[in-house]
Chemist: 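The following block contains the structure, expressed as structure tokens.
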Amino acid sequence: MTPISAYGEFGLIKHLTENFSFENSSTEISIGDDAAVINPEGQMVVLTTDILAEGVHFNLGYVPLKHLGYKAVVTNISDIAAMNATPTQILVGLAISNRFPVEALEEIYAGIALACKRYKVDLVGGDTTSSTSGLVMSITAIGLENPENIVKRSGAKANDLLVVTGDLGGAYMGLQILEREHSVYLANPNMQPEMEGYDYILERQLKPEARTDIKKTLKELDIKPTSMIDVSDGLSSEILHLSDQSKVGFHLYEEKVPMDSLTISTAEELNLNPVMCALSGGEDYELLFTIAPKDFDKIKNHPDFTIVGHAVDLEQGNFLIARGSNELIPLNAQGWDAFLNRQ
Ligand code: ADP
Ligand code: MG
């Protein structure tokens with residue numbers, strides 16, 4: 001293992017970033033100068049940043065460093081996708097404890113490089129410093145987009161349809177399995193982790209993807225969402241954000257919430273309510289958006305999309321319509337008491 005001191009700060013950055021290539025003509029000046037320069041060519045510049053702290057957002061006991069680098073980029077790209085914009089550049093801030101060898105950083109950068117390639121974004125800069133309390137990564141993503149394409153959280157109108165991509169709850173169930181096996185390992189390091197058969201949900205947790213494909217699909221269908229957000233904190237919380245910004249309420253149908261069969265069976269195995277995992281689990285990085293009712297026919301049979309509810313007047317509030325009973329349960333980002341007590 002190579003100590004970081006063997007490279008020195010500048011040598012280390014050079015070593016970690018020398019194999020990155022550039023995909024975007026908007027990248028004018030990148031790593032090596034005092035600041036990066038991008039040329040937006042008349043487009044809107046969309047900016048987002050996220051901090052990931054060891055022990056708060058990830059546990060290196062079971063998260064491989066390469067996956068961590070990949071996921072850190074993906075979560076930022078997902079925020080750009082949620083604005084219906086095209087991700088183009090990222091900056092990477094790292095605070096590293098000196099217990100990390102160079103090889104560990106190489107792993108993180110291998111993950112970052114993979115994500116840059118997959119999403120066609122350029123690494124144009126960052127900052128590197130030491131940390132006395134674990135690894136901290138801060139990624140900033142830049143996107144460019146024509147002004148008319150940008151979609152905000154505000155803009156949903158009563159009667160708009162509420163649509164979600166993919167399926168939900170998987171990332172949360174993957175986390176439950178990783179945590180279960182990690183505590184088994186801590187109790188007895190000779191025990192083999194039992195991860196077999198959980199591939200899909202583990203991948204949802206460890207190697208999520210951002211739905212940059214949706215922008216193109218919606219364009220082909222000639223749909224511009226009236227509002228949009230990415231599902232990073234759980235469906236319930238994201239619905240409340242759209243409600244808050246758009247000044248409408250939402251009715252969400254429990255039976256419509258899309259979930260993979262492995263998510264459902266794992267939730268049942270762990271005595272969790274599967275729908276609750278989708279509603280408050282988070283980290284699925286799907287897109288949640290609203291469309292005008294006139295666009296219903298364009299989307300109704302599309303495999304990427306599920307209509308999960310609709311917008312109502314703000315005074316009607318935000319509710320989950322329970323399967324079978326049609327009982328109205330208030331949607332609440334934190335308090336799932338009403339829902340939990342029902343079981
Ligand atoms: P300054 O002293 O001007 O802040 P730095 O020495 O921090 O410059 O960085 C030198 C160059 O390397 C800059 O272009 C910066 O954006 C880039 N850089 C620094 N750290 C990283 C990193 N972790 N990943 C990618 N690029 C980095
Ligand atoms: Mg610096």
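Both backbone and side-chain heavy atoms feed into the values below; hydrogens, waters and symmetry mates do not.
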Chemist: Look at Glu269 together with Arg180 and state whether they make a salt bridge at an N to O cut-off of under 4.0 Å.
Modeler: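 The answer is yes: the pair qualifies as a salt bridge.
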
Chemist: To check you understand the geometry: which heavy-atom pair defines the closest contact between Val312 and Val248, and what is its length?
Modeler: O-CB, 3.4 Å

Chemist: Just by modelled atom types, is the Ala171 backbone N or O under 3.5 Å from a matching donor or acceptor in the Asp284 side chain?
Modeler: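 Yes; judged by distance alone, with no hydrogens or angles, the pair exists.
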
Chemist: Strictly by modelled atom types, are Gln176 and Thr266 linked by a side-chain donor-acceptor pair under 3.5 Å?
Modeler: no

Chemist: Please find the pair of heavy atoms, one from Phe58 and one from Ala53, that lie closest to each other, and give the distance.
Modeler: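 Heavy-atom minimum between the residues: CE2-C, 3.5 Å.
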
Chemist: Count the heavy atoms belonging to other residues, nucleotides or ligands that lie under 6.0 Å from CE of Met195, then report whether that count exceeds 12.
Modeler: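 More than 12 heavy atoms, drawn from other residues, nucleotides or ligands, come within 6.0 Å of this atom.
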
Chemist: For the pair Ser280 (side chain) and Cys277 (backbone), establish whether a donor and an acceptor sit closer than 3.5 Å, ignoring hydrogens and angles.
Modeler: no

Chemist: Hydrogens and angles aside, do Ser78 and Asp230 bring a side-chain donor and acceptor to less than 3.5 Å of each other?
Modeler: yes

Chemist: Is the shortest side-chain heavy-atom distance between Thr226 and Val151 below 4.5 Å?
Modeler: no

Chemist: State whether the number of non-hydrogen atoms from other residues, nucleotides or ligands found under 6.0 Å of Glu148 atom CD is greater than 12.
Modeler: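 Yes - once you tally the heavy atoms of other residues, nucleotides and ligands closer than 6.0 Å, there are more than 12.
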
Chemist: Using the salt bridge (charged side-chain N to carboxylate O under 4.0 Å, His left out) definition, which of the options Lys71, Arg204, Lys207 pairs with Glu283?
Modeler: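 It is Lys71; the other options fail the test.
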
Chemist: For Glu23, is there any backbone N or O sitting under 3.5 Å from a side-chain donor or acceptor partner on Asp122?
Modeler: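 Pair found, side chain donor or acceptor close to backbone of Glu23.
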
Chemist: Using modelled atom types and a 3.5 Å cut-off, is there a donor and acceptor pairing between side-chain atoms of Glu238 and backbone atoms of Asp233?
Modeler: yes

Chemist: Decide, yes or no, whether a salt bridge links Arg118 with Glu209 under the criterion of side-chain N to carboxylate O below 4.0 Å.
Modeler: yes

Chemist: Once you round to the nearest 0.5 Å, how far does OG1 of Thr48 lie from CD1 of Ile80?
Modeler: 6.0 Å

Chemist: Check the orientation of Tyr70 and Tyr119. Use parallel for under 30°, tilted for 30 to 60°, and perpendicular for over 60°.
Modeler: tilted

Chemist: Could you verify whether a donor N or O on one side chain and an acceptor N or O on the other, from Ser154 and Ser246, lie under 3.5 Å apart?
Modeler: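 Per modelled atom types, Ser154 and Ser246 side chains form no pair under 3.5 Å.
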
Chemist: Test side-chain contact (heavy atoms from CB on, under 4.5 Å) on Ile177 and Leu202; report intermediate values, then the result.
Modeler: CA-CA 8 Å; Ile177 294 300; Leu202 291 173; 4.2 Å; yes

Chemist: Kindly check if the number of other-residue, nucleotide or ligand heavy atoms within 6.0 Å of CD1 (Ile51) is above 12?
Modeler: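 No, not enclosed.
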
Chemist: Which pair of non-hydrogen atoms, one from Ser232 and one from Tyr285, has the smallest distance, and what is that distance?
Modeler: CB-CE2, 3.6 Å

Chemist: Taking atom CD of Gln192 as the centre, does the number of heavy atoms from other residues, nucleotides or ligands within less than 6.0 Å exceed 12?
Modeler: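 Open.
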
Chemist: Would you say the side-chain atoms of Thr263 pair up with the backbone N or O of Met259, donor to acceptor, closer than 3.5 Å?
Modeler: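 No, the answer is negative, given that no donor and acceptor are paired below the 3.5 Å cut-off.
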
Chemist: Just do the side-chain contact (heavy atoms from CB on, under 4.5 Å) check on Asn76 and Ile139 with the steps written out, would you?
Modeler: CA-CA 7 Å; Asn76 279 278; Ile139 296 199; 3.3 Å; yes

Chemist: Please step through salt bridge (Lys or Arg N to Asp or Glu O under 4.0 Å) for the pair Lys66 and Glu103, ending with a clear verdict.
Modeler: CA-CA 11 Å; Lys66 188 172 173 181; Glu103 285 76 7; over 6 Å; no

Chemist: Using a strict 4.0 Å threshold on nitrogen-to-oxygen distance, state whether Lys219 and Glu145 make a salt bridge.
Modeler: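 Between Glu145 and Lys219 there is no salt bridge, as every charged N stays at least 4.0 Å from the carboxylate O atoms.
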
Chemist: Over 60° means perpendicular and under 30° means parallel, so classify the ring planes of Tyr253 and His310, tilted if in between.
Modeler: tilted

Chemist: Between Ser26 and Glu41, do the side chains contain an N or O donor and an N or O acceptor separated by less than 3.5 Å?
Modeler: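 No - no donor-acceptor pair under 3.5 Å links their side chains.
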
Chemist: Please tell me whether Tyr198 and Glu203 have a donor and an acceptor in their side chains that are separated by less than 3.5 angstrom.
Modeler: no

Chemist: List, by chain and number, the other hydrophobic cluster members for Leu186, where Ile, Leu, Val, Met, Phe, Trp and Tyr join if side-chain heavy atoms come within less than 4.5 Å, directly or indirectly.
Modeler: Tyr185

Chemist: Between Asn24 (side chain only) and Thr27 (backbone N and O only), is there a donor and an acceptor less than 3.5 Å apart?
Modeler: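 Not confirmed, Asn24 side chain does not pair with Thr27 backbone.
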
Chemist: Specify the closest pair of heavy atoms between Gln205 and Leu175, including all atoms of both residues, with the distance to one decimal.
Modeler: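 What the structure gives for the nearest pair is NE2-CB, 3.5 Å.
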
Chemist: Determine whether a donor-acceptor pair (N or O, by modelled atom type, separation under 3.5 Å) exists between the side chain of Glu181 and the backbone of Glu194.
Modeler: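 At least one qualifying donor-acceptor pair exists.
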
Chemist: At their closest point, which heavy atom of Asp33 faces which heavy atom of Ile29, and how far apart are they?
Modeler: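 Scanning both residues completely, I find the closest heavy atoms to be CB-CG2, 3.8 Å.
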
Chemist: Is Lys120 reaching over with its side chain to a backbone N or O of Lys117, donor-acceptor style, under 3.5 angstrom?
Modeler: no

Chemist: My understanding is that only one of Arg211, Lys215, Lys216 makes a salt bridge (charged side-chain N to carboxylate O under 4.0 Å, His left out) with Asp213; could you say which?
Modeler: Arg211

Chemist: Going by an N to O cut-off under 4.0 Å, is there a salt bridge joining Asp160 and Lys157?
Modeler: no

Chemist: Under 3.5 Å, is there a donor-acceptor pair between the Glu28 and Asn39 side chains?
Modeler: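 There is such a pair (donor and acceptor under 3.5 Å, judged by atom type) between the side chains of Glu28 and Asn39.
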
